[in-house]
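Computation of the quantities below employed the complete heavy-atom set of this structure, encompassing side-chain atoms and omitting hydrogens, waters and symmetry-equivalent molecules.
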Amino acid sequence: MELQILPDAQAVAQKATQIIAELAQERIRLTGKFSFAVSGGSTPWKVLRQLADAALNWESVELFQVDERIAPAGDAQRNLTQITQNLLDHSALSLEQIHAMPVEQTDIESAAESYAQQLIKLCGNPPQLDLIHLGLGEDGHTASLLPGDPARKSQELVTITREYQGLRRMTMTYPVINAAQRRLWIVTGANKQSMLERLYQGDDRIPAGLVERNHAIILADQNAAGNL
């Protein structure tokens, strides 16, 4: 696992944009497509807005969601709302290339299975995405794999979590996250210091610590890095 410490959140966003754009160009050149899954968080939205201006072969990009809150369409808490506002509205990416988690369906368990099948169809069985972006919670969670939640142990590709901060979530699980070609962590803010240290040291007592460390890079701002 590689750790890069940058001065602030803006510098983290710029570096993340560069990494994603360069990998996208490489994968499109080699395979004809680039598959990318994005998590939530304020800094990632800055990344997507900057990425929208990159000179990419956008018709070869497939964008997935790592996790999503179970909330109505257009809800400000939905990651899809931010993806739409920061990437879709400013790039040549089409709506059909954004594979949104179907959290508005009544049968949410069947919806999770449907998303898993979509991953298999587009990314193989087991699915292998080119890049998965991950964030880190103050409690050590990543994606929506929360401490103490049975969803952490699910062997389904996509599952539903317990309620967290008032909402349940749909989330990719470790079998998908750990199968990705690359993992890009974006960690900013002083409130992440203790968990970032545990993540970097490979502490598997926190959900983030169960993510595969090979082919992984952490971009952290100085506030989050502390004394690392």
Side-chain angles (χ1 to χ4, degrees), residues 1 3 35-41 43-44 64-71 77-80 99-103 105 107-120 123-129 131-189 191-220 224:
M1 177 179 280
L3 171 64
S35 56
F36 171 44
V38 62
S39 301
T43 303
F64 298 85
Q65 291 188 271
V66 174
D67 58 345
E68 180 62 285
R69 294 169 178 84
I70 298 174
Q77 297 183 81
R78 288 276 300 272
N79 290 340
L80 181 62
H99 304 286
M101 285 185 157
V103 297
Q105 293 186 18
D107 187 342
I108 199 63
E109 301 289 346
S110 294
E113 174 58 24
S114 173
Y115 200 70
Q117 291 303 314
Q118 189 174 18
L119 280 167
I120 289 171
C123 301
N125 189 11
Q128 188 175 56
L129 289 98
L131 179 67
I132 287 185
H133 151 251
L134 297 167
L136 179 66
E138 293 179 53
D139 57 0
H141 82 262
T142 193
S144 286
L145 300 168
L146 305 158
D149 192 331
R152 290 179 305 125
K153 298 182 179 181
S154 175
Q155 290 303 302
E156 301 296 331
L157 300 177
V158 181
T159 193
I160 305 300
T161 72
R162 70 185 184 191
E163 187 173 301
Y164 176 71
Q165 296 180 342
L167 294 170
R168 299 179 76 195
R169 321 287 179 99
M170 183 180 292
T171 187
M172 291 180 177
T173 58
Y174 294 114
V176 179
I177 294 169
N178 288 337
Q181 294 272 4
R182 307 259 186 103
R183 281 157 292 280
L184 174 65
W185 296 86
I186 295 177
V187 185
T188 58
N191 58 338
K192 307 293 180 64
Q193 276 189 20
S194 63
M195 289 302 165
L196 176 56
E197 183 175 354
R198 292 176 68 176
L199 169 64
Y200 187 58
Q201 292 175 348
D203 186 348
D204 62 7
R205 293 170 296 176
I206 61 173
L210 295 171
V211 173
E212 173 62 52
R213 298 170 62 79
N214 290 333
H215 307 294
I217 181 171
I218 302 171
L219 300 181

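By the 30° and 60° cut-offs, the orientation of the rings of Phe64 relative to His99 is parallel.
When each of Gln118, Gln65, Met170 is checked for a side-chain contact (heavy atoms from CB on, under 4.5 Å) with Val158, only Met170 meets the rule.
Minimum heavy-atom separation, Leu167 to Ala71: CD1-CB, 4.4 Å. Looking at every heavy atom in both residues, Ile177 comes nearest to Ile132 through CA-CD1, 3.6 Å. Here the closest non-hydrogen pair linking Ser39 and Pro44 is O-CB, 4.3 Å. Contact record, Ala100 with Tyr115: O-CE1, 3.4 Å, taken as the closest heavy-atom pair. Residues Ile206 and Gly140 share a closest heavy-atom pair of CB-O, 4.1 Å. In terms of heavy atoms, Pro147 sits closest to Pro207 at N-CG, 3.6 Å.
The shortest distance between side-chain heavy atoms of Leu119 and Met172 falls below 4.5 Å. With a 4.5 Å cut-off on side-chain heavy atoms, His215 and Arg183 count as touching. Between Gln155 and Thr173 the shortest side-chain heavy-atom distance does not fall below 4.5 Å. Side-chain contact between Val187 and Met195 is absent, with no heavy-atom pair separated by less than 4.5 Å.
In this structure, the separation between CG on Leu199 and NZ on Lys192 is 11.5 Å, given to the nearest 0.5 Å. With rounding to the nearest 0.5 angstrom, the CD1 atom of Ile218 is 11.5 Å from the CD1 atom of Ile186. Atom CG in Asp67 sits 7.5 Å away from atom CZ in Arg69 (nearest 0.5 Å). Distance check, rounded to the nearest 0.5 Å: CG of Asp139 to OH of Tyr164 gives 4.0 Å. How far CG of Leu129 is from CZ of Arg182: 13.5 Å, rounded to the nearest 0.5 Å. Remark: Gln201 CD to Leu196 CG distance equals 9.5 Å, nearest 0.5 Å.
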request  = Kindly indicate, with the supporting measurements, whether the criterion side chain to side chain donor-acceptor pair (under 3.5 Å) is fulfilled by Thr43 and Thr188.
outcome  = CA-CA 8 Å; Thr43 303; Thr188 58; 3.2 Å; yes
inquiry  = As a quick check of understanding, evaluate side-chain contact (heavy atoms from CB on, under 4.5 Å) for Met101 and Asn79, giving each step before the final call.
reply    = CA-CA 10 Å; Met101 285 185 157; Asn79 290 340; over 6 Å; no
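There is no side-chain donor-acceptor pair under 3.5 Å between Thr161 and Ser144. Side-chain contact check for Gln117 and Glu113: at least one donor-acceptor pair (N or O, by modelled atom type) lies under 3.5 Å.
Not counting sequence neighbours, the partners of Arg78 by the salt bridge (Lys or Arg N to Asp or Glu O under 4.0 Å) test are Glu68, Glu104. In this structure Gln105 satisfies the side-chain contact (heavy atoms from CB on, under 4.5 Å) test together with Pro102, Ala111, sequence neighbours excluded.
Under a cut-off of 6.0 angstrom, the local environment of CZ in Arg168 is crowded, with over 12 non-hydrogen atoms contributed by other residues, nucleotides or ligands.
Applying the salt bridge (Lys or Arg N to Asp or Glu O under 4.0 Å) definition to pairs two or more places apart or across chains, those involving residues 198-213 are Arg198-Asp203, Asp203-Arg205.
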